[in-house]
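One structure is given here, and the rest of the page talks about it.
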Amino acid sequence: MRIHVVSDVHGRADALRSAADGADALVCLGDLILFIDYQDHGQGIFADLFGQENADRFIALRTEKRFDDARAFSRGLWASLEGDAWPHIERAVDRQYAELFAAMPSPAYLTYGNVDVPRMWGPHLRDGHRVLDGETAEIGGLRFGFVGGGLRTEYRTPYELDEEAFAAKVEAVGEVDVLCSHIPPAVPDLLYDTVARRFERGSEAILDAIRRTQPRYALFGHVHQPLASRTRIGRTECVNVGHFRARGVPYVLTV
């Protein structure tokens, strides 16, 4: 069985339409929407609402790790909008989800990324789309476990959890053949982004589960330009499936 795996789609509906070509199923590890694009500052919800010049400034502050200044700058922009900020964000997110799920192949097994808004997925799901978070599914005779979302960071993205809640989902998955998560296990080489020049947050709970249960594969995304895209922990092959927005092609898993 041939399974295609994608993560960090970030608005690439065009490439998503063909992501399952030649495959028996698609696995998507989240981060469907594009809120802000660190490569092309003119793209994404933030730039659509406030323009590229403001996106340039906001990204510069966050890149310099001036998070308090970035939040203050952002609050001023949101306050300039008519009414509450959230309805503006929600409408933009909903438009992206409508386009992305219309392009999503079927069958597809999906979990959430840290920038996703889980409660907004439901109306857009189609037949053959199965969402799993802290749950398992049998695909091609193997047991796949899915752990969505991320851990809390200074970026305060929509689907961040505390360590206990995240670890509970890992525990609920139990022993599997393929462990699928949005964020990587807490291995430094897998967490360092060579372009952003920073460590992203990984999961100690996922790392512990890999060491204890030794799945055949651990698949994840989140880090767009990792120092190492794969490593081995015991018998487990740990693979960053790639930044789909940039690459436009899936990772191929044959089981």
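Computed from heavy atoms alone, side chains included, the values below leave out hydrogens, waters and symmetry copies. Note that this is a predicted model, so its numbers are computed, not measured.
- The main-chain N or O of Tyr217 is never found under 3.5 Å from a side-chain atom of Thr236 such that the two would form a donor-acceptor pair.
- Side-chain N or O atoms of Arg126 include one that pairs as donor or acceptor with a backbone N or O of Met104 at under 3.5 Å.
- The main-chain N or O of Gly148 is found under 3.5 Å from a side-chain atom of Lys169 such that the two form a donor-acceptor pair.
- Counting all heavy atoms, side chain and backbone alike, Leu100 lies closest to Leu16 at O-CD2, 3.5 Å.
- Nearest heavy atom pair, residue His129 against residue Pro105, reads NE2-O, 3.2 Å.
- Here the side chain of Gln96 pairs a donor or acceptor atom with the backbone of Leu34 at under 3.5 angstrom.
- Of the inter-residue distances, the one linking Ile3 atom CD1 with Thr254 atom OG1 reads 8.5 Å to the nearest 0.5 angstrom.
- At distances below 3.5 Å, at least one donor-acceptor pair connects side-chain atoms of Asp31 with backbone N or O atoms of Asn114.
- Nearest approach of Ile210 to Cys238, heavy atoms of both residues: CD1-SG, 4.1 Å.
- Side chain of Arg245 to main chain of His10: a donor-acceptor pair is present (N/O by atom type, distance under 3.5 Å, no hydrogens or angles).
- With sequence neighbours excluded, the residues forming a side chain to side chain donor-acceptor pair (under 3.5 Å) with Arg119 are Glu90, listed by chain and number.
- Panel note: side chain His124, backbone Trp121; no donor-acceptor pair is recorded below 3.5 Å.
- Pairs of residues two or more places apart, or lying in two chains, that qualify as ring-ring contact (aromatic ring centres under 6.0 Å, His included) and include a residue from residues 130-181 are Phe67-Tyr155, Tyr112-Tyr159.
- The closest side-chain donor-acceptor pair between Asp56 and His41 falls under 3.5 angstrom.
- Legend: residues meeting side chain to side chain donor-acceptor pair (under 3.5 Å) with Arg197, ordered by chain and number and at least two apart, are absent.
- The main-chain N or O of Leu29 is found under 3.5 Å from a side-chain atom of His182 such that the two form a donor-acceptor pair.
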(request) Under the salt bridge (Lys or Arg N to Asp or Glu O under 4.0 Å) rule, what do Glu237 and Arg232 come out as? Steps first, then yes or no, please. (result) CA-CA 5 Å; Glu237 186 74 14; Arg232 184 171 286 276; 2.7 Å; yes

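- Of all heavy-atom pairs spanning Leu132 and Thr111, the tightest one is O-OG1, 2.7 Å.
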(request) Please step through side chain to side chain donor-acceptor pair (under 3.5 Å) for the pair Asp193 and Gln225, ending with a clear verdict. (result) CA-CA 5 Å; Asp193 190 306; Gln225 298 90 194; 2.7 Å; yes

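- Checking side-chain atoms of Thr213 against main-chain N and O of Ala209 turns up a donor-acceptor pair under 3.5 Å.
- Here Glu138 does not pair with Arg143 in a salt bridge; the nearest charged N to carboxylate O distance is not below 4.0 Å.
- Among all heavy-atom pairs drawn from Phe101 and Leu32, the shortest one is CZ-CD1, 3.6 Å.
- Closest approach of Arg2 and His4 over heavy atoms only: NE-NE2, 2.8 Å.
- Contacts of Asp68 classified as salt bridge (Lys or Arg N to Asp or Glu O under 4.0 Å), with partners at least two apart in sequence or in another chain: Arg71.
- No more than 12 heavy atoms of other residues, nucleotides or ligands shown are found within 6.0 angstrom of CD on Glu175.
- Residues satisfying the side-chain contact (heavy atoms from CB on, under 4.5 Å) criterion with Pro184, sequence neighbours excluded, are Leu190, Leu191, Phe220, His222, Val223.
- With Phe50 as the fixed residue, the ring pair (Phe, Tyr, Trp, His ring centres under 6.0 Å) test singles out one of Trp78, Phe58, Phe35: Trp78.
- Applying the 4.5 Å side-chain rule to ILVMFWY residues, one finds that Val249 remains a lone member of its cluster.
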